[in-house]
Amino acid sequence: MSTALRRRVDTADRAVSRPEPDPVDRPSRPSAVTTGDLLHVVIAAGSSLAVVLALRLVLDWNGVLGSAVWWYVGFLAVLFVLVRDSETPDAATDRLVTLVIWSIGAIVVGVLSWMVIYVVIKGLGGLRPTFFTEDLSDVGPLDTERGGASHAIVGTLEQVGLATASAVPIAILTAVYLHEIKGRMAPVIRFIVDAMTGLPSIVAGLLIYTLWVRTHDFSGVAAAAGLAVLMLPTVTRASEEILRTIPDSLREGSLALGAPQWRVVKQVVLPTARAGLVTAAILGVARGIGETAVAILTALGSDSMNVNPFTGPQGNLPLFVYKLYRVPDKTQIARAWTGALILLILVLVLFLAARYVSGRGDKKRKGVA
Amino acid sequence: MRRRPVARPGEPPDPFDDTIPVEIAADATASVLLASGEHHQVDDNPWRPVNRPTAADRTFRAICTGAAMISLVIVAATLIFLLKEGWSAIWSSGPADFFFGSTWNPSAGRFGVGGLLLGTIIIASLAIVVAVPLGVGMALFINEYAPARLRSLLTSVVDLLAALPSLIFGLWGFFVLQGQLQGVAVWMESHLSAIPLFRFKGAEPSLGNSSFIAGMVVGIMILPIITSISRDVMAQVPREQCEGALALGGTRWGMIRAVILPFGRVGITGATLLGFGRALGETIAVAVIISLVFDVNWHVLETGGGSVASLIATRFGEAGPEELDGLIAAGFALFVLTLGVNLAARRIVARAGRLA
């Protein structure tokens with residue numbers, strides 16, 4: 001709370017109403033927190049707490065969440081009145097908004113941590129070596145020790161691998177078209193790619209289903225195609241942003257030395273952008289790895305190991321979780337949570353890898369400049 | 001500038017061959033121009049390299065153009081094939097009944113996604129109500145309020161929220177948030193029932209698996225996109241204007257209200273619409289949380305609701321061939337809806353970028 005106040009910018013009115021004792025020797029710091037500010041906060045928090053506690057007794061409240069919300073509302077109201085009367089209404093509004101914005105930040109961070117911690121706690125229970133080595137093919141409802149997700153993990157790795165191998169080159173070439181070649185169609189393509197970033201994943205699944213699965217069979221490679229459709233716009237946009245950051249002087253220098261455009265792109269632009277492009281690809285992989293809707297319609301899922309992605313239904317990690325969480329059986333739900341934990345860990349690792357690579361790229365570029 | 005004579009005057013080197021040094025190629029071009037009589041004073045003019053693409057360059061461009069066209073082809077193929085395969089379902093139930101009705105009876109060949117389309121919009125609107133204040137607030141927090149040390153951490157938090165699989169959001173909503181929000185739902189019913197949406201049907205309603213909970217979860221899911229786009233737009237406000245507002249004695253909130261928000265208004269609108277488009281297409285989180293009903297359930301706090309995407313995900317497993325046609329047609333309707341919203345949103349965001 002005190003940090004919140006320290007960042008606050010004060011009004012001119014307030015500076016006038018409470019001038020610094022010795023303006024010549026001490027520089028005025030309008031944003032510094034004074035004892036009065038802290039006193040306001042303490043009084044507001046305390047009085048609101050007292051009122052809420054009293055109401056809990058009188059009105060027989062028992063919810064914690066409700067009381068907390070009312071305490072917060074009361075706290076803001078009392079603080080507003082206090083600051084309004086001792087300073088100005090503008091200062092009071094400013095104080096109020098500052099607190100609300102800080103609370104929003106806390107809520108967002110809190111929700112994310114809540115989610116991550118909950119998945120970790122729930123998932124750790126089922127985490128044992130057999131989870132990575134066995135599948136679910138001959139596991140009965142009462143088998144609590146055996147059974148795992150090896151088939152799903154293999155499926156996920158193959159499908160995401162194939163999807164990445166096809167989507168990333170196409171995405172980078174598209175980005176080159178958009179920013180290096182700047183062809184006639186570039187605005188249209190950019191518009192379409194933008195629109196594709198919002199393509200519902202279930203529609204991507206349906207597309208592959210109608211084009212391929214309906215006439216052939218469910219397979220891992222069909223899932224890979226669906227994932228590629230979803231990854232393509234993500235990677236394209238990210239790559240184009242990276243190409244945008246490469247200074248034109250590099251391109252012009254190489255062209256002036258007589259290099260044809262394809263050499264400029266291959267030997268100057270893409271190597272310079274490497275770290276950023278890797279980051280873009282990793283973000284694409286993270287997008288694909290947790291995708292469930294596509295897999296439902298294309299890979300279908302299976303309880304036994306299918307190593308060949310080209311024939312027959314194949315499991316995959318999100319699908320594994322999606323199928324097990326609603327089975328009314330503790331063991332299966334525990335498996336679903338463990339699957340979700342593995343998924344979460346994969347996404348976190350990819351996310352951190354992307355941060356690391358892009359951070360290193362920035363450092364290198366700065367070093368060169 | 002000294003120029004080398006053309007190597008063999010009889011047969012000028014191919015100007016498109018990139019193995020020849022550019023100088024000679026340029027000479028060749030010049031000699032071609034000279035021969036065609038277009039350029040009579042070549043010798044007096046300064047040397048001017050002509051930027052003609054080489055053969056390799058043209059291949060390279062063709063490959064890139066081809067790759068870029070794939071996106072176009074995907075969107076076109078989605079439109080064409082979903083319509084082609086789903087057409088029989090739309091036709092057998094009649095286009096009016098399909099888009100506005102809410103009967104789902106595959107054996108009779110009757111499909112209606114009207115109720116679900118409306119349900120999709122209800123869930124997405126609830127999501128927007130949660131996500132816009134939180135998302136814009138978070139953007140302001142990162143840009144204006146948070147200490148510089150925290151800024152990159154907060155950006156990571158928002159990016160990570162965007163990267164988490166929707167399945168995890170769904171599970172969290174189903175197992176955790178659902179229990180927490182029941183009390184909120186009861187409170188809303190008893191205090192906000194002036195708004196018809198927040199009324200209960202009967203005396204003892206069941207409160208799980210409702211549009212309300214789905215909307216809350218989807219709201220958290222679309223928060224990152226709203227935050228990141230409004231951040232980008234609001235960061236483009238000329239800093240002198242902000243500092244000017246502060247120097248005139250404005251408070252920080254005064255500066256935000258007078259300078260930043262008016263400047264970012266268009267961008268925030270676009271971000272909201274973009275988030276709305278995402279929310280319309282959200283599949284798995286909704287499918288995990290909601291229990292599907294085909295009629296419009298206006299009692300959003302109560303069990304039962306629907307969205308087109310969750311319909312496809314939940315019914316796909318047990319659908320026969322006729323129903324599959326119906327699901328594909330439903331997917332077509334969803335695609336057209338989201339494509340329209342997304343294109344409009346991107347236009348607005350692009351305009352906000354140009355204004356800046």
Side-chain angles (χ1 to χ4, degrees), chain A residues 7-9 11-12 63 65 90-91 93-94 97-98 101-102 104-105 107-109 111-112 115 118-119 170 173-174 176-177 181 183 185 189 191-196 198 200-203 206-207 210-211 229 232 258 260-262 286 290 292-293 296-297 318 321-322 325 340 343-344 347 351, chain B residues 18 21-22 53-54 56-57 60-61 63-65 67-68 70-72 74-75 77-78 81-82 85 134 137-138 140-141 145-147 154 157 160-161 163-165 167-168 171-172 176 183 220 246 249 251-254 277-278 281 283-284 309 312-313 316 328 331 334-335 338-339 342-343 346:
Chain A
R7 301 287 306 172
R8 174 180 47 80
V9 172
T11 61
L65 183 70
D90 280 349
T93 316
D94 183 52
V97 173
T98 306
I101 297 255
W102 271 83
I104 287 176
I107 288 173
V108 172
V109 175
V111 164
L112 179 75
M115 237 178 330
Y118 191 82
V119 173
I170 296 176
L173 286 175
T174 308
V176 167
Y177 177 81
I181 296 182
M185 295 288 283
I189 304 274
F191 199 50
I192 292 289
V193 169
D194 274 341
M196 268 177 80
S201 49
I202 196 85
V203 171
L206 273 179
L207 171 69
T210 49
L211 278 183
V229 168
L232 185 61
Q261 192 180 19
W262 69 273
T292 322
I296 295 175
L297 273 66
V321 178
Y322 182 69
Y325 89 92
L343 211 54
L344 181 72
V347 170
F351 187 77
Chain B
D18 71 275
V22 72
T54 63
D57 254 355
F60 161 74
R61 287 185 183 196
I63 290 172
C64 289
T65 313
I70 289 177
S71 299
L72 264 185
I74 289 173
V75 171
T78 312
F81 283 94
L82 293 192
E85 301 270 318
L134 282 182
M138 190 69 187
L140 284 175
F141 182 55
Y145 285 89
L154 288 167
V157 164
L160 184 61
L161 209 55
L164 281 188
L167 183 63
I168 287 183
L171 291 180
W172 180 74
V176 183
I220 298 170
L246 292 175
T251 57
R252 180 175 303 202
W253 170 241
R278 287 290 161 85
T283 312
I284 287 301
I312 302 168
F316 181 79
I328 292 171
L334 176 67
F335 181 55
T338 50
L339 196 67
N342 272 321
L343 291 180
R346 283 294 174 185

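Convention: sequence-line order gives letters A, B, ...; per-chain numbering from 1.
Your options are Val176(B), Leu140(B), Ile220(B), and the one with the most heavy-atom pairs under 4.5 Å with chain A is Val176(B). With respect to chain A, the highest number of heavy-atom pairs below 4.5 Å among Leu334(B), Leu164(B), Asn342(B), Leu160(B) belongs to Leu160(B). Chain A forms the most heavy-atom pairs under 4.5 Å with one residue out of Ala309(B), Ala163(B), Ala68(B), Pro165(B), and that residue is Ala68(B). Ranked by heavy-atom pairs shorter than 4.5 Å toward chain B, the options Val347(A), Leu206(A), Val119(A) are led by Leu206(A). Residue with the most contacts toward chain A among Val75(B), Thr338(B), Leu171(B): Leu171(B) (heavy-atom pairs, distance under 4.5 Å). By number of non-hydrogen pairs under 4.5 angstrom with chain B, the leading residue of Val97(A), Val111(A), Val193(A), Leu343(A) is Val97(A). Considering only heavy-atom pairs separated by less than 4.5 Å from chain B, the leading option among Ile107(A), Leu297(A), Val321(A), Val109(A) is Leu297(A). Counting heavy-atom pairs under 4.5 Å between each of Ala286(A), Ser201(A), Gly105(A) and chain B puts Gly105(A) at the top.
Across every non-hydrogen atom of Leu173(A) and Ala67(B), the tightest pair is CB-CB, 3.5 Å. The shortest non-hydrogen separation linking Tyr177(A) to Cys64(B) is CB-O, 3.8 Å. When all heavy atoms of Ala293(A) and Thr283(B) are compared, the pair lying nearest together is CB-CG2, 3.9 Å. When all heavy atoms of Leu232(A) and Ser71(B) are compared, the closest pair comes out as CD2-OG, 3.8 Å.
Of the two parts of Tyr325(A), the backbone and the side chain both hold a non-hydrogen atom closer than 4.5 Å to a non-hydrogen atom of chain B. Contact annotation for Arg61(B): both backbone and side-chain heavy atoms come within less than 4.5 Å of a heavy atom of chain A. Of the two parts of Tyr322(A), the backbone and the side chain both hold a non-hydrogen atom closer than 4.5 Å to a non-hydrogen atom of chain B. If you measure heavy-atom distances from Ile101(A) to chain B, the contacts under 4.5 Å come from both the backbone and the side chain. If you measure heavy-atom distances from Leu339(B) to chain A, the contacts under 4.5 Å come from the side chain alone. Heavy-atom distances place the side chain of Leu211(A), and not its backbone, under 4.5 Å from chain B. Proximity to chain B involves both the backbone and the side chain of Ile170(A), based on heavy atoms less than 4.5 angstrom apart. Interface remark: Met196(A) contributes side-chain atoms only to the contact with chain B (heavy atom separation under 4.5 Å). If you measure heavy-atom distances from Ile189(A) to chain B, the contacts under 4.5 Å come from the side chain alone.
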>> As a quick check of understanding, evaluate side-chain contact (heavy atoms from CB on, under 4.5 Å) for Phe191(A) and Leu343(B), giving each step before the final call.
In response: CA-CA 8 Å; Phe191(A) 199 50; Leu343(B) 291 180; 3.6 Å; yes

>> Determine whether Phe60(B) and Val176(A) satisfy the following criterion, side-chain contact (heavy atoms from CB on, under 4.5 Å), listing intermediate values before the conclusion.
In response: CA-CA 10 Å; Phe60(B) 161 74; Val176(A) 167; 3.8 Å; yes

> Is there a side-chain contact (heavy atoms from CB on, under 4.5 Å) between Thr93(A) and Thr251(B) once you walk through the steps?
Replying inline: CA-CA 9 Å; Thr93(A) 316; Thr251(B) 57; over 6 Å; no

>> Does Leu154(B) form a side-chain contact (heavy atoms from CB on, under 4.5 Å) with Val108(A)? I'd like the steps, not just the answer.
In response: CA-CA 9 Å; Leu154(B) 288 167; Val108(A) 172; over 6 Å; no

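A distance of 5.5 Å separates CG in Leu112(A) from CG in Leu161(B), rounded to the nearest 0.5 Å. Separation of atoms CG (Leu207(A)) and CD (Glu85(B)) is listed at 10.5 Å; rounding is to 0.5 Å. Rounded to the nearest 0.5 angstrom, Ile104(A) CD1 and Met138(B) CE are separated by 9.5 Å. Remark: Phe316(B) CZ to Ile296(A) CD1 distance equals 9.0 Å, nearest 0.5 Å.
Side chain of Asp57(B) to backbone of Gln261(A): a donor-acceptor contact under 3.5 angstrom is found.
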